[in-house]
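Quick one: the structure is below, and I'll ask about it shortly.
Within every chain, numbering begins at 1; the chains are lettered A, B, ... in the order of the sequence lines, protein sequences first and strands thereafter.
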Amino acid sequence: MTDVDPRRFDLTVEQAIAQQQALRSRVVLAPPPGFAPRLVAGLDVSMERFGDVGYAGIVVLEQPGLRTVDEASAVAPLRFPYVPGLLSFRELPLIVDVWDRLRTRPDVLIFDGQGIAHPRRFGIACHGGVLFGVPSIGCAKSILVGRHGTLGAERGSRAPLEHRGEIVGMAVRLRDRVNPVYVSPGHLVDLETAVDVVLAASAGYREPETTRRAHRLVNEERRKAKS
DNA sequence: GCGACAG
DNA sequence: ATCTTGTCGC
């Protein structure tokens, strides 16, 4: 069998889909023994309206306390279009650049997007987790695939996200009376663990602090680059 | 064939 | 994702 390189991104849409099909079997949906992440990372990418340049960033928070202990960013051209289901081919190349600049080695990565709650069960969190060989979680603001029932109005309320007869994620409310986020395992975690990690990384806002700070970082870098 | 469709 | 001011609600 031909080796499939999760770091190869210069592909056509058809090849990218085949890549996902080939890499999905590498995903492990179970946490390492005694998994208790201390360094939790948030990853994000921002860009201008019709721009083809992306600003990527990673912020590492320490648990408990959620204090920022490390961060890094990078800017590079976006070489793949946004195609629903193929987000990782657009954003991961930039994330890899940032990863190489990051001095800290996080215990878990929280991506802005889906994990296995994906048509081929290989969202950006799975791809990133497999590529770096680190536990990862997908935490998205909207659904790519699947449906869920109603959930309570309080923080901590949840409802399973189901797709084609499988539970692929969880709608989780991080703040009272505010729209939930969609959590799904990326790599080296199970759904329960993923939900626990995201809840523990949140502090009164719709999204976890990891995502919020990574988002802030990349937008500051983008603003900084314009002037 | 007609919609849906992470960021 | 991004473009954008004010405005409604706690």
Side-chain angles (χ1 to χ4, degrees), chain A residues 9 13 16-17 19-20 23-24 27 42-59 73-96 98 109-131 136-148 153-155 161-164 168-187 191 194 198 204-208 210-226:
Chain A
F9 296 110
V13 166
I17 291 174
Q19 251 262 33
Q20 296 181 320
L23 292 173
R24 57 181 293 181
V27 171
L43 307 80
D44 194 26
V45 175
S46 76
M47 61 210 82
E48 286 180 8
R49 208 207 239 273
F50 290 115
D52 50 358
V53 174
Y55 296 79
I58 299 178
V59 173
S73 61
V75 51
L78 295 163
R79 315 173 68 180
F80 198 89
Y82 169 68
V83 178
L86 300 178
L87 179 66
S88 63
F89 294 88
R90 178 175 175 76
E91 300 192 344
L92 270 189
L94 309 196
I95 293 296
V96 170
V98 181
L109 314 175
I110 298 181
F111 283 82
D112 211 341
Q114 317 292 343
I116 63 171
H118 176 280
R120 288 169 294 282
R121 304 289 182 266
F122 199 71
I124 188 170
C126 300
H127 198 156
V130 167
L131 192 163
S136 62
I137 296 166
C139 182
K141 295 180 297 302
S142 61
I143 296 171
L144 175 59
V145 296
R147 324 182 320 135
H148 67 80
E154 322 72 35
R155 162 184 168 79
L161 182 63
E162 189 179 323
H163 178 58
R164 298 187 185 183
V168 296
M170 192 78 82
V172 184
R173 201 168 324 264
L174 266 32
R175 176 178 179 165
D176 293 357
R177 311 280 312 191
V178 170
N179 287 157
V181 289
Y182 303 92
V183 178
S184 59
H187 182 47
L191 181 54
V198 170
Y205 294 88
R206 184 195 178 194
E207 302 189 88
T210 43
T211 301
R212 298 185 68 239
R213 290 183 204 173
H215 202 276
R216 246 200 328 157
L217 171 63
V218 295
N219 280 322
E220 287 176 353
E221 289 304 312
R222 185 159 64 85
R223 176 177 59 70
K224 194 179 303 178
K226 292 190 68 177

Side-chain heavy-atom pair A/Leu86, A/Ile17 within 4.5 angstrom cut-off:
yes

Tell me the closest heavy-atom pair linking A/Arg206 and A/Val181, and the distance in Å.
O-CG1, 3.4 Å

Would you please classify the geometry between the A/His127 ring and the A/Phe89 ring as parallel, tilted or perpendicular, with 30° and 60° separating the classes?
perpendicular

Looking only at heavy atoms, what is the nearest atom pair of A/Leu161 and A/Val145, with distance?
CD2-O, 3.9 Å

Enumerate the residues from residues 170-178 of chain A whose closest heavy atom to DNA chain B is under 4.0 Å, giving them by residue number; use none for an empty result.
none

Go through A/Lys224 and A/Glu221 one step at a time and tell me if the salt bridge (Lys or Arg N to Asp or Glu O under 4.0 Å) criterion holds.
CA-CA 5 Å; A/Lys224 194 179 303 178; A/Glu221 289 304 312; 3.1 Å; yes

With heavy atoms of chain A within less than 4.0 Å as the criterion, where does contact along DNA chain B begin and end?
B/dC5 to B/dG7

Table of protein N/O atoms under 3.5 Å from nucleotides 6-10 of chain C N/O atoms:
none

Checking A/Ser73 side chain against A/Gly57 main chain: does a donor-acceptor pair fall under 3.5 Å?
no

When every non-hydrogen atom of A/Leu144 is compared with those of A/Pro84, the smallest separation belongs to CD1-CB, 4.5 Å

Decide yes or no for A/Val168 and A/Glu162: does some side-chain heavy atom of the first lie under 4.5 Å from some side-chain heavy atom of the second?
no

Are any side-chain N or O atoms of A/Ser136 and backbone N or O atoms of A/Ala125, one a donor and one an acceptor, separated by less than 3.5 Å?
yes

Closest non-hydrogen atom pair between A/Cys139 and A/Val198, with its separation:
SG-CG1, 4.2 Å

On the six-membered ring of A/Tyr205, is A/Arg212 placed so that its NZ or CZ lies under 6.0 angstrom from the centre and within 45° of the ring axis?
yes

With pairs taken as Watson-Crick or G-U wobble and both distances under 3.5 angstrom, which stems of at least three consecutive pairs involve DNA chain B?
none

If you compare all heavy atoms of A/Tyr55 against all heavy atoms of A/Ala225, which two are closest, and at what distance to 0.1 Å?
OH-CB, 3.5 Å

With a 4.0 Å cut-off on heavy atoms, is A/Ile124 in touch with a base, just the backbone sugar-phosphate, or nothing at all?
base

Take A/Ile124 and A/Glu91 through the side chain to side chain contact (heavy atoms under 4.5 Å, CB included) test and state the conclusion after the steps.
CA-CA 8 Å; A/Ile124 188 170; A/Glu91 300 192 344; 3.9 Å; yes

If you measure from NZ on A/Lys141 to OH on A/Tyr182, what distance do you get to the nearest 0.5 Å?
11.5 Å

Could you tell me whether A/Leu86 contacts a base, only the sugar-phosphate backbone, or nothing, with contacts defined as non-hydrogen atoms closer than 4.0 Å?
base

Run the side chain to side chain contact (heavy atoms under 4.5 Å, CB included) test on A/Val96 and A/Leu94 for me, step by step, so that the C-alpha distance in whole Å, both residues' side-chain angles and the decisive distance to 0.1 Å come before the verdict.
CA-CA 5 Å; A/Val96 170; A/Leu94 309 196; over 6 Å; no

Side chain to side chain contact (heavy atoms under 4.5 Å, CB included) between A/Leu87 and A/Phe80, worked out:
CA-CA 9 Å; A/Leu87 179 66; A/Phe80 198 89; over 6 Å; no

So which protein nitrogen or oxygen atoms get under 3.5 Å of nucleotides 1-4 of chain C's nitrogens or oxygens?
from	atom 1	to	atom 2	distance (Å)
C/dA1	OP2	A/Lys141	NZ	2.7
C/dT2	OP1	A/Asn219	OD1	3.3
C/dT2	OP1	A/Arg222	NH2	3.3
C/dT2	O2	A/Arg49	NH1	3.4
C/dC3	O4'	A/Arg49	NE	3.1
C/dC3	O2	A/Arg49	NH2	2.8

Select base, sugar-phosphate, or nothing to describe what A/Gly51 touches, counting heavy atoms under 4.0 Å on all strands.
nothing

How many angstroms lie between CG in A/Asp52 and CE in A/Met47, if you round to the nearest 0.5 Å?
10.5 Å

When you look at A/Asp112 and A/Glu207, which way does the side chain to side chain contact (heavy atoms under 4.5 Å, CB included) test go after all the steps?
CA-CA 10 Å; A/Asp112 211 341; A/Glu207 302 189 88; 4.2 Å; yes

Dot-bracket notation for DNA chain C, counting Watson-Crick and G-U pairs under 3.5 Å, with | for partners on another strand:
..........

